[in-house]
Number of protein chains: 2
Amino acid sequence: MDRDDADSTTPDRPRISDATLRQFTGYTMKRAFNVVQADVNAVLEEFGLRMVTYSALAIVGDNPGLSQSQLAQALAIERPNLVVIVDELEGRDLVSRDRVPTDRRTYALQLTSEGARLLARATEAVRRHEARITEGLNAEEEAILVSALKKIEATDIRRS
Amino acid sequence: MDRDDADSTTPDRPRISDATLRQFTGYTMKRAFNVVQADVNAVLEEFGLRMVTYSALAIVGDNPGLSQSQLAQALAIERPNLVVIVDELEGRDLVSRDRVPTDRRTYALQLTSEGARLLARATEAVRRHEARITEGLNAEEEAILVSALKKIEATDIRRS
DNA sequence: TACAATAATTATACATCATACCTATTAAAC
DNA sequence: GTTTAATAGGTATGATGTATAATTATTGTA
């Protein structure tokens with residue numbers, strides 16, 4: 001994946017073609033998303049966060065008091081795997097597990113004040129990352145990009 | 001009769017909001033790509049292929065005689081991990097490792113006739129999958145989608 | 001000839017992700 | 001009211017994906 005400026009020192013390196021795959025929008029989506037993912041992970045690393053943990057903070061922030069099951073569904077990850085994520089966030093005092101009086105099985109998740117502060121800072125950094133990533137797009141292109149992606153997302157057959 | 005759909009049987013299930021994340025195009029990319037990936041994997045499973053193994057076949061088909069290192073780079077995976085993939089494809093007689101007389105370190109990869117046949121059939125199936133996924137988009141939307149994704153891909157900072 | 005670099009490989013460690021199973025609590029059935 | 005089913009959270013575990021270090025064979029270079 002390194003571009004070839006075919007400088008004189010390098011031996012002949014015939015460009016590898018991905019023509020067959022490039023006919024597929026899905027392939028281009030994957031290539032583009034790989035770039036986004038690498039960049040956003042680098043950004044979040046400065047806050048000690050990964051994509052999942054940042055997303056978890058954002059969802060909890062938008063839905064204070066939600067249960068772990070609801071959070072798992074929103075993040076599209078399995079319940080057992082969510083436990084360790086919440087463990088981590090709780091251990092760092094970013095999220096609190098509060099008992100619910102009406103149903104003592106469930107926890108109500110909430111951001112701590114430190115969690116809210118970290119989320120705000122990280123969100124600002126992600127916004128700058130987004131601006132970098134989409135700097136080549138004008139407003140109309142980005143609007144169509146987003147709406148097209150949403151239409152693709154809506155073709156999902158699964159979903160209980 | 002009553003307000004909205006809140007039908008009497010279901011307990012109150014307040015919709016979970018992902019408003020904070022939805023401000024990011026990258027998040028919508030991930031959600032859309034998850035749908036694409038699930039669908040294409042289901043399609044490829046019928047051929048005993050995964051996304052990597054299908055992509056490997058396609059790249060080898062487009063670049064007969066390329067080396068494993070070149071293939072690894074094209075697929076953006078590490079060399080050691082590619083070995084087992086080629087092992088698998090070679091074991092199924094879809095790809096051949098041919099020795100190169102001018103450089104006895106490298107293998108020249110090629111599709112076998114069976115590999116070419118399977119690639120052609122799988123590609124047809126993936127094409128049908130793509131049609132399903134993008135059926136809600138008109139030609140202009142899809143063109144802008146692809147060009148926007150390519151611009152995002154081109155913002156990649158890495159690449160030696 | 002000695003030394004560095006490359007291609008393929010092996011071994012390994014780690015993160016991710018899914019499944020099966022368990023406890024407690026609640027809701028439903030009888 | 002007791003039994004039964006369903007749900008929330010959790011533990012343990014296995015499969016898979018992915019990255020790194022080190023090894024062998026070969027090639028290129030000082």
Side-chain angles (χ1 to χ4, degrees), chain A residues 1-2 9-13 16 30 33-34 37-38 41-42 44-45 48-56 60 65-91 95-109 158 160, chain B residues 9-13 16 30 33-34 37-38 41-42 44-45 48-56 60 65-91 95-109 158 160:
Chain A
M1 259 298 207
D2 52 359
T9 62
T10 42
D12 61 338
R13 184 165 36 132
I16 298 299
K30 180 171 175 55
F33 181 66
N34 280 351
Q37 193 173 34
N41 275 332
L44 291 175
E45 198 176 15
L49 295 171
R50 291 164 294 151
M51 272 193 59
V52 237
T53 50
Y54 171 73
S55 299
V60 173
L66 89 170
S67 70
Q68 295 190 178
S69 295
Q70 288 175 311
L71 178 57
Q73 191 174 6
L75 296 174
I77 66 178
E78 298 302 316
R79 269 84 49 93
N81 298 324
L82 181 77
V83 174
V84 301
I85 291 172
V86 177
D87 282 351
E88 179 187 332
L89 295 174
E90 190 189 31
V95 156
S96 67
R97 282 195 249 231
D98 306 324
R99 277 294 180 194
V100 171
T102 63
D103 186 341
R104 291 190 323 207
R105 293 170 299 180
T106 81
Y107 286 117
L109 301 177
R158 310 158 303 176
S160 54
Chain B
T9 63
T10 41
D12 59 341
R13 181 167 39 130
I16 298 300
K30 179 169 174 60
F33 181 67
N34 280 351
Q37 193 172 36
N41 275 332
L44 291 174
E45 198 177 12
L49 296 171
R50 291 163 294 151
M51 273 193 59
V52 237
T53 51
Y54 171 73
S55 300
V60 173
L66 87 170
S67 70
Q68 295 189 177
S69 293
Q70 289 175 311
L71 179 56
Q73 194 173 8
L75 295 174
I77 66 179
E78 297 302 316
R79 271 83 48 94
N81 299 324
L82 182 77
V83 174
V84 302
I85 290 172
V86 177
D87 282 351
E88 178 187 333
L89 295 174
E90 190 189 31
V95 156
S96 68
R97 280 195 251 230
D98 306 325
R99 276 294 179 196
V100 171
T102 64
D103 187 341
R104 291 191 323 206
R105 291 170 301 180
T106 81
Y107 286 117
L109 300 177
R158 310 158 304 174
S160 53

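In this text the structure is predicted, and so the values were computed from the model without any measurement.
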Excluding sequence neighbours, so at least two apart, what forms side-chain hydrogen bond (donor to acceptor under 3.5 Å, both in side chains) with [X]?
X	result
B:Asp103	B:Arg105
B:Asp98	B:Ser96
A:Ser69	none

Listing time: all N or O pairs from protein to nucleotides 18-20 of chain D that are below 3.5 Å?
unit_1 : atom_1 : unit_2  : atom_2 : d
D:dA19 : N7     : B:Asn81 : OD1    : 3.4
D:dA19 : N7     : B:Asn81 : ND2    : 3.0
D:dA19 : N6     : B:Asn81 : OD1    : 3.2

Testing the basics here: between [X] and [Y], what is the closest heavy-atom pair and its distance to 0.1 Å?
X	Y	answer
A:Tyr54	A:Leu44	CB-CD1, 3.8 Å
B:Ser55	B:Leu75	CB-CD2, 3.6 Å
B:Ala72	B:Leu82	N-CD2, 3.7 Å

Separation of [X] atom [atom1] from [N] atom [atom2], in whole Å?
X	N	atom1	atom2	value
A:Leu71	D:dA8	CG	P	13 Å
A:Gln68	D:dT11	CD	C1'	14 Å
B:Glu88	D:dT16	CD	P	11 Å

*Check every strand shown and say whether B:Arg99 touches a base, only sugar-phosphate, or nothing at a heavy-atom separation below 4.0 Å.*
nothing
*asked:* Of all nucleotides in DNA chain C that come within under 4.0 Å of a heavy atom of chain A, which is furthest toward the 5' end and which toward the 3' end?
replied: C:dT16 to C:dT26
_Listed once per pair and sorted, the salt bridge (Lys or Arg N to Asp or Glu O under 4.0 Å) pairs that draw on residues 74-87 of chain B, sequence neighbours left out_ = B:Asp87-B:Arg97
Please write out the pairs of protein N or O atoms and N or O atoms of nucleotides 27-30 of chain D separated by less than 3.5 Å, giving the distance to one decimal.
unit_1 : atom_1 : unit_2   : atom_2 : d
D:dT27 : OP1    : B:Arg104 : N      : 3.0

*B:Arg50: side-chain contact (heavy atoms from CB on, under 4.5 Å) partners, not counting sequence neighbours*: B:Val52, B:Thr53, B:Glu88
_I'd like to know if the side chain of A:Arg99 and the backbone of A:Arg104 have a donor-acceptor N/O pair within less than 3.5 Å._
yes
*Kindly indicate whether the side chain of B:Val86, heavy atoms from C-beta on, has any atom under 4.5 Å from the side chain of B:Gln68.*
yes
